[in-house]
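Notes for the one structure printed next.
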Number of protein chains: 2
Amino acid sequence: MNPISPPKTPNELLERAGLIAGRSLAELAHTQAQSVPDNLLHAKGWVGQLIEQCLGASAGSRAEPDFPELGIELKTIPLNANGSPKETTYVCTVPLNEPATSWETCWLRQKLNQVLWLPIEAAAELPVAQRRVGSAILTQLSREQDVQLKQDWHEHMELIATGRIDEICAHHGTYLQIRPKAANHKALRETTDADGRTIKTLPRGFYLRTTFTADILARHYL
Amino acid sequence: MNPISPPKTPNELLERAGLIAGRSLAELAHTQAQSVPDNLLHAKGWVGQLIEQCLGASAGSRAEPDFPELGIELKTIPLNANGSPKETTYVCTVPLNEPATSWETCWLRQKLNQVLWLPIEAAAELPVAQRRVGSAILTQLSREQDVQLKQDWHEHMELIATGRIDEICAHHGTYLQIRPKAANHKALRETTDADGRTIKTLPRGFYLRTTFTADILARHYL
DNA sequence: AGGGATCCATGATTGGATCCCA
DNA sequence: TGGGATCCAATCATGGATCCCT
């Protein structure tokens, strides 16, 4: 299949999202000449990448939102049988050995500034092929959310900047947590500890807690 | 031991509570010439009744608060290792076959109108004898709590009044739930179903969810 | 290695069942 | 039976571990 060209306007993106709303993953996979995996154990990112293709996101880009011309990031939200987010949402990797940035200019905030959220049915008992796409929600980070995330981010970055990254566990952060993001727990990266020594640590990522994404859904469907 | 006379004023009650704050159940049991059970499996109400004796509550009374002269009810709150309520709090039995009452006059609200809450250490790994009594909290039902409970109570009573009590399960109610309150699940009482037929149903009780009591503790220690 | 994420063992919660006393 | 409650099996939630693609 030919890759679909990027949408030129937010409205065009929303129109495309409207066209896939309510359709099953089997239907969408067919339009992309793809087969549907029986389960996601060995295809964890499959749904997200399928949706990217359907909407014309520029795949594999780095240091750019999924729709660079629009400054819009795409995030799928897997829903449990109850219609609530089933998983936390990965945002980006945690910078190590990087020069300090401010909240206002950090990559995390840029990614979350404008997001097209796409809820996807994901109850364990529902076969992957039968799962349907919900209706998309285009958001801009609200003042309140900005403050909430800024606070968590600062606490995390303070620990990282002082070489105490290994003290961070997933319990930290009200809305934004830091968790491993690696091939496995033996995949190590170098960084600097509190005494200035080079140590190896697990690569981490920033994740939005389900309470945060649940709130986005709730506000929209209110 | 002589039973202690009822406190004559709220201040006297609070003074007595102050005297037992920080003391272990072993110490308190000793003052009442009681032995401490190794565990509460066969003595589930033991702690509550011990505290009643220590404070001079008129035991075994019906249709009256624990301290009738003061209009004050006594409730112990078992705390887990984290200092949060470990269990829901039983309030009173659910009326069956009773004439309808209003929220303003119902027995539940009268009991909760003024309560002396007594937190008690109750982490599973802490031997009963070593558990200590916390500092007492005397509360009046706030406007907000009154509204919260009224709403739950009305929903419950509506189902009961229309003979649909067997549809009520512990998931109902934001702050106030209804659960079995019986010797065992074979203990049945008669009531009337939606079609006016006499049926047998489990006796039930009203229970406050731990979120409700946790909030009381939080407000006090704020 | 960064971007797309879910898996799943283990801990926390819960609510139906149960226990003693007067 | 009403009042004093806790027990504990089953379910839910969580967060450390892991997987594919480019």
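Quantities reported herein were computed from a predicted structural model and do not represent experimental measurements. So that the names make sense, note that chain A is the first sequence line, chain B the second, and so on, each numbered from 1.
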I want to check one thing: is the phosphate of [N], taken as OP1 and OP2, less than 4.0 Å away from some side-chain N or O of [X]?
| X | N | result |
| --- | --- | --- |
| A:Thr76 | C:dG4 | no |
| A:Lys181 | D:dT18 | no |
| A:Thr93 | C:dG3 | yes |
| B:Lys75 | D:dG3 | no |
| B:Trp46 | D:dG3 | no |
| B:Tyr207 | C:dG15 | no |
| B:His42 | C:dC19 | no |

Angle by which the axis turns from one end of the helix from C:dA1-D:dT22 to C:dA22-D:dT1 to the other, five pairs per end, to 10 degrees: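 End-to-end axis angle: 50°.
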Holding to side-chain hydrogen bond (donor to acceptor under 3.5 Å, both in side chains), I want the full list of residues that pass it with [X], two or more places apart in sequence or in another chain.
| X | answer |
| --- | --- |
| A:Gln34 | A:Trp46, A:Gln53 |
| A:Glu121 | A:Arg132 |
| A:Ser135 | A:Tyr221 |

Between A:Lys186 and B:Val91, which residue's closest nucleotide on DNA chain D lies nearer the 5′ terminus? B:Val91
Would you kindly give the [atom1]-to-[atom2] distance between [X] and [N], to the nearest whole Å?
| X | N | atom1 | atom2 | value |
| --- | --- | --- | --- | --- |
| B:Leu126 | D:dT6 | CG | P | 14 Å |
| A:Leu55 | C:dG4 | CG | P | 13 Å |
| A:Asn39 | D:dC19 | CG | P | 13 Å |
| A:Glu73 | C:dA5 | CD | C1' | 13 Å |
| A:Leu188 | D:dT18 | CG | P | 12 Å |
| B:Leu50 | D:dA5 | CG | C1' | 13 Å |
| B:Leu176 | C:dG15 | CG | P | 13 Å |
| B:Gln34 | C:dC21 | CD | P | 10 Å |

Just call it for [X]: base, sugar-phosphate, or nothing, with non-hydrogen atoms closer than 4.0 Å on any strand.
| X | result |
| --- | --- |
| B:Ala187 | nothing |
| B:Pro78 | sugar-phosphate |
| B:Gly48 | sugar-phosphate |

Closest approach of [X] and [Y], non-hydrogen atoms and distance?
| X | Y | result |
| --- | --- | --- |
| A:Lys86 | A:Asn80 | CB-N, 4.0 Å |
| B:Gly173 | B:Asp152 | CA-OD1, 3.5 Å |
| A:Ile168 | A:Arg204 | O-NH1, 3.7 Å |
| A:Glu190 | A:Asn97 | O-ND2, 2.8 Å |
| B:Pro203 | B:Leu188 | CD-CA, 4.4 Å |
| B:Glu125 | B:Ala81 | OE2-CB, 3.9 Å |

So, A:Gln177 versus A:Tyr207: side-chain donor-acceptor pair below 3.5 Å or not? no
If you check the B:Gln49 side chain, which of C:dA1, C:dT18, C:dC21 turns out closest? C:dC21
Among C:dG3, D:dA5, C:dT6, the one nearest A:Tyr90 by side-chain distance: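 Of C:dG3, D:dA5, C:dT6, C:dG3 is nearest to the side chain of A:Tyr90.
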Can you classify the ring geometry of A:His172 versus A:His156 as parallel (below 30°), tilted (30 to 60°) or perpendicular (above 60°)? perpendicular
Can you list, by residue number, the residues of residues 112-125 of chain A that have a non-hydrogen atom closer than 4.0 angstrom to DNA chain D? none
Salt-bridge contact A:Asp215-A:Arg209 (side-chain N to carboxylate O under 4.0 Å):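 A salt bridge is absent here (no side-chain N lies under 4.0 Å from a carboxylate O).
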Its contact letters, B for base, S for sugar-phosphate only and - for none at protein heavy atoms under 4.0 Å, make nucleotides 8-16 of chain D read B------SB
Please report the C-alpha distance between A:Trp117 and A:Thr213 in whole Å, then the side-chain angles of each, then the deciding distance to 0.1 Å, and finally whether the side chain to side chain donor-acceptor pair (under 3.5 Å) criterion is met. CA-CA 9 Å; A:Trp117 307 93; A:Thr213 46; over 6 Å; no
